[in-house]
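Because only heavy atoms are used, hydrogens play no part in the values below, and waters and symmetry mates are left out as well, while side chains stay in. Order of listing sets the numbers, starting from 1, for every ligand and every atom in it.
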Amino acid sequence: MSPSHKLPKDFIWGFATAAFQIEGSANVDGRGKSIWDDFAKLPGKTLDGGNGDVATDSYRLWKEDIALLASYGVRSYRFSISWSRVIPLGGRNDPVNQAGIDFYSKFVDELLAHGIQPFVTLYHWDLPQGLQDRYGGWLNKDEIVKDFTNYAKICFEALGDRVEHWLTINEPWCCAILGHGRGVFAPGRSSDRSRNPEGDSSTEPWIVAHHIILAHAHAVKLYRDEYKSTQKGQIGITLNGDWALPYDNTPENIAAAQHALDFAIGEYPFSYALASLDPVYLGFYPPYMREVLGDRMPDFTEEEWSVVKGSSDFYGMNTYTTNLCRAGGEDEFQGNVDYTFTRPDGSQLGAQAHCAWLQDYPDGFRQLLNYIWKRYKMPIYVTENGFAVKGENDMPVEEAVKDYDRIHYFQGTTKALLDAINVDDVDIRSYFPWSLLDNFEWADGYTTRFGITYVDYETQKRYPKESARFLVKWFTEHEDSETAARLDKLKRKTTNASSSTTIANGSVSSKADTKLPCGHEEGSPATQQRWGIRATFMKFIAAILAFIR
Ligand code: GBH
């Protein structure tokens with residue numbers, strides 16, 4: 001049965017990851033350290049003491065991961081490049097590591113051989129440690145802008161003939177605020193001396209934010225000036241931002257919700273400076289920001305503005321939840337707005353995730369999509385959206401793969417996505433659930449699992465969760481049929497799609513009613529059996545339908 005509403009032509013869907021969260025192999029093939037390598041090993045920085053040395057071992061298991069993606073039948077894969085694999089010390093005069101380039105180049109080739117379009121993030125928080133040590137990383141405008149642009153150039157040169165979608169920087173707000181304001185992310189700077197030995201939370205986040213915008217803009221300018229005409233790709237930035245609802249109907253809380261939103265993604269980005277696209281699209285920082293930050297707010301020169309304005313081909317959206325907003329609170333990084341998920345009557349906004357900041361509220365996703373579309377009139381690429389099931393890490397794998405809260409979340413968000421496209425006429429071009437795999441969840445270590453594939457960190461075996469099956473089926477059913485036919489042709493014909501020996505059924509088609517892979521060869525018998533029974537059942541139903549027709 002074909003759904004009446006479909007996704008638009010050429011819609012891109014797939015799963016997302018980031019280099020530091022999955023690759024491991026920290027000392028292999030000439031990789032230099034990133035700021036997360038040592039930071040994660042400092043006492044108390046990650047919940048479980050976990051670090052990125054092994055992660056999901058994806059640098060070694062890259063072929064298996066691609067076989068897994070292929071077995072899911074995704075059209076695209078969003079991953080990030082580790083800057084310090086490509087340039088171990090990071091700088092524009094430092095040696096380039098050919099082994100690093102070769103890794104990503106063969107990775108892209110293998111994806112394409114499976115008909116999977118690479119969607120590449122240049123920077124997902126893993127600054128080369130060399131640049132932090134040499135000049136303070138993002139705090140040093142002249143150096144970091146040039147070094148980032150140089151790194152981007154090397155990536156465009158090496159991969160741009162095959163990559164059509166580039167993201168410069170993932171969630172600048174996190175680098176600025178969590179890295180240099182709260183000090184909970186690398187490089188771990190803040191004014192709180194009980195937490196961080198150095199930093200100034202009142203100034204550094206805004207400085208860093210400013211420099212990130214500039215670095216992004218210069219990389220985009222370079223792409224447009226030198227590569228776009230031949231490589232024909234799209235390039236932009238991706239921002240985190242969640243929907244905001246007033247806690248109740250009082251005027252001050254209605255205003256607070258609008259403020260929270262404005263700070264996050266709109267008009268008054270004094271808190272989420274970099275999360276705002278206003279500088280990037282509208283070409284100004286709002287006056288309100290200057291009013292609040294005063295001389296703490298860095299400004300762009302005329303020349304800088306001319307590079308920054310219009311420096312994204314699309315709105316890259318990472319979004320997870322909705323916050324109920326109340327006026328007040330001392331937290332400048334949150335726009336002096338208090339967040340809660342508890343309604344005045346004591347009820348919860350939605351199901352609680354494993355992490356405190358996330359509840360399931362799909363209507364907020366639809367409203368956010370509408371808000372962004374009306375505000376910027378730019379095509380939206382949803383580059384992250386996902387849910388961590390409460391307590392999943394404490395469950396045995398057989399139980400963890402039955403991730404019904406995650407399925408419920410994605411049932412809501414996929415419906416919201418479809419309604420935003422077909423009912424509200426919002427121009428949305430992609431959707432990437434976060435994440436392909438359970439992985440290193442930054443300050444949470446490995447305790448929080450966002451994967452649609454379960455990873456057993458002892459054995460590195462992968463087990464598709466039920467949510468993977470739901471998503472694959474949903475996207476397969478909702479793909480526009482012409483697009484599906486065109487993309488199916490890109491797939492490698494052979495049934496022996498990969499040299500992988502560890503993923504069972506690595507070459508199954510994308511049709512969701514066929515079997516999905518199940519971790520490794522021996523897999524989890526329970527899971528394997530379940531897919532098998534379902535496949536048989538679906539075939540049975542299909543046969544009956546065919547007979548009736
Ligand atoms: C994404 O950020 C990241 O891009 C991805 O790497 C990560 O794995 C994924 O989320 C899941 O977390 O309560 O002050 O600590 C999502 C945006 C912004 C959500 C910061 C969590 C915590 C704020 N994140 N927020 S705080």
Side-chain angles (χ1 to χ4, degrees), residues 15-23 34 36 40 45-47 50 52 55-56 58 78-80 82 119 121-126 167-186 188 190 192 195 201 205 209 237-244 260 263-265 271-272 274-275 316-323 329-335 337-341 352-359 364-365 368 381-389 392-393 406 409 432-452 455:
F15 300 122
T17 61
F20 192 81
Q21 295 180 270
I22 64 164
E23 284 184 357
S34 83
W36 271 92
K45 297 303 180 194
T46 60
L47 273 181
T56 62
S58 289
R78 178 182 170 224
F79 64 96
S80 83
S82 158
F119 206 112
T121 313
L122 291 173
Y123 185 78
H124 201 123
W125 309 349
D126 47 355
L167 295 168
T168 51
I169 290 170
N170 181 75
E171 300 184 351
W173 184 89
C174 294
C175 312
I177 307 294
L178 302 181
H180 299 79
R182 298 205 211 284
V184 293
F185 278 13
S190 78
D192 181 350
R195 178 178 283 155
S201 305
I237 193 166
T238 197
L239 311 178
N240 52 301
D242 294 326
W243 185 241
F263 300 155
I265 40 191
S271 163
Y272 287 57
L274 227 285
M317 178 191 286
N318 289 355
T319 190
Y320 286 79
T321 196
T322 294
N323 293 299
E330 304 274 279
D331 191 342
E332 187 171 86
F333 302 136
Q334 220 163 270
V337 172
D338 264 341
Y339 288 170
T340 179
F341 291 128
Q352 179 63 47
H354 192 73
C355 27
W357 54 269
L358 173 51
Q359 284 198 355
F365 180 43
L368 180 66
Y381 285 82
V382 180
T383 44
E384 276 182 35
N385 188 230
F387 190 81
V389 175
E392 198 175 282
N393 192 45
R406 187 178 285 105
Y409 179 91
F432 288 91
W434 181 272
S435 173
L436 171 67
L437 303 168
D438 290 336
N439 57 43
F440 176 70
E441 180 48 29
W442 308 112
D444 284 13
Y446 294 93
T447 57
T448 301
R449 293 173 176 268
F450 270 93
I452 53 89
V455 175

Distance-only donor-acceptor check, side chains Thr319 and Asn385, under 3.5 Å: no

Atom 16 (C) of ligand 1 - nearest protein heavy atom and its distance: Glu171 OE2, 3.3 Å

Check: Thr321 side chain, Gln359 main-chain N or O, donor-acceptor pair, under 3.5 Å: yes

Heavy atom of protein inside 4.0 Å of atom 26 (S) of ligand 1, strictly below: no

Under 3.5 Å donor-acceptor, Thr383 side chain and Met317 backbone: yes

Donor-acceptor contact present, side-chain Ser58 to main-chain Glu23, <3.5 Å: no

Proximal atoms of ligand 1 relative to Phe450 (non-hydrogen, under 4.0 Å): 11 (C), 12 (O)

Nearest neighbour in protein (non-hydrogen) for atom 21 (C) of ligand 1: Trp357 CE2, 3.2 Å

Part of Phe333 with heavy atoms under 4.0 Å of ligand 1, whether side chain, backbone, both or neither: neither

Protein residue, atom and distance nearest to atom 14 (O) of ligand 1, heavy-atom basis: Arg182 NE, 3.2 Å

Asn170 contact mode with ligand 1 (heavy-atom cut-off under 4.0 Å): side chain

Atom 18 (C) of ligand 1 [closest protein heavy-atom partner, distance rounded to 0.1 Å]: Cys174 SG, 3.7 Å

Heavy-atom donor-acceptor pair, Tyr320 side chain to Asp242 backbone, under 3.5 Å: no

Polar contact flag for Trp442 and ligand 1 (N/O pairs, less than 3.5 Å): yes

Nearest neighbour in protein (non-hydrogen) for atom 1 (C) of ligand 1: Glu384 OE1, 3.0 Å

Shortest protein contact, atom 10 (O) of ligand 1 (heavy atom only): Tyr320 OH, 3.3 Å

Atom 15 (O) of ligand 1 - nearest protein heavy atom and its distance: Leu178 CD2, 4.2 Å

For Trp173, atoms of ligand 1 separated by under 4.0 Å from a heavy atom: 20 (C)

Glu171 side-chain N/O to Thr238 backbone N/O, donor-acceptor pair under 3.5 Å: no

Interatomic spacing from OG in Ser80 to CG in Leu122 - rounded to 0.5 Å: 9.0 Å

Any N or O of Trp434 closer than 3.5 Å to N or O of ligand 1: yes

Distance from atom 8 (O) of ligand 1 to nearest protein heavy atom, with residue and atom: Glu441 OE1, 2.6 Å

Output field: ring centroids Phe450/Phe387 closer than 6.0 Å: no

Residue that, paired with Phe20, satisfies ring pair (Phe, Tyr, Trp, His ring centres under 6.0 Å) out of Trp125, Tyr123, Phe440: Phe440

Between CH2 on residue Trp442 and SG on residue Cys355, distance to nearest 0.5 Å: 14.5 Å

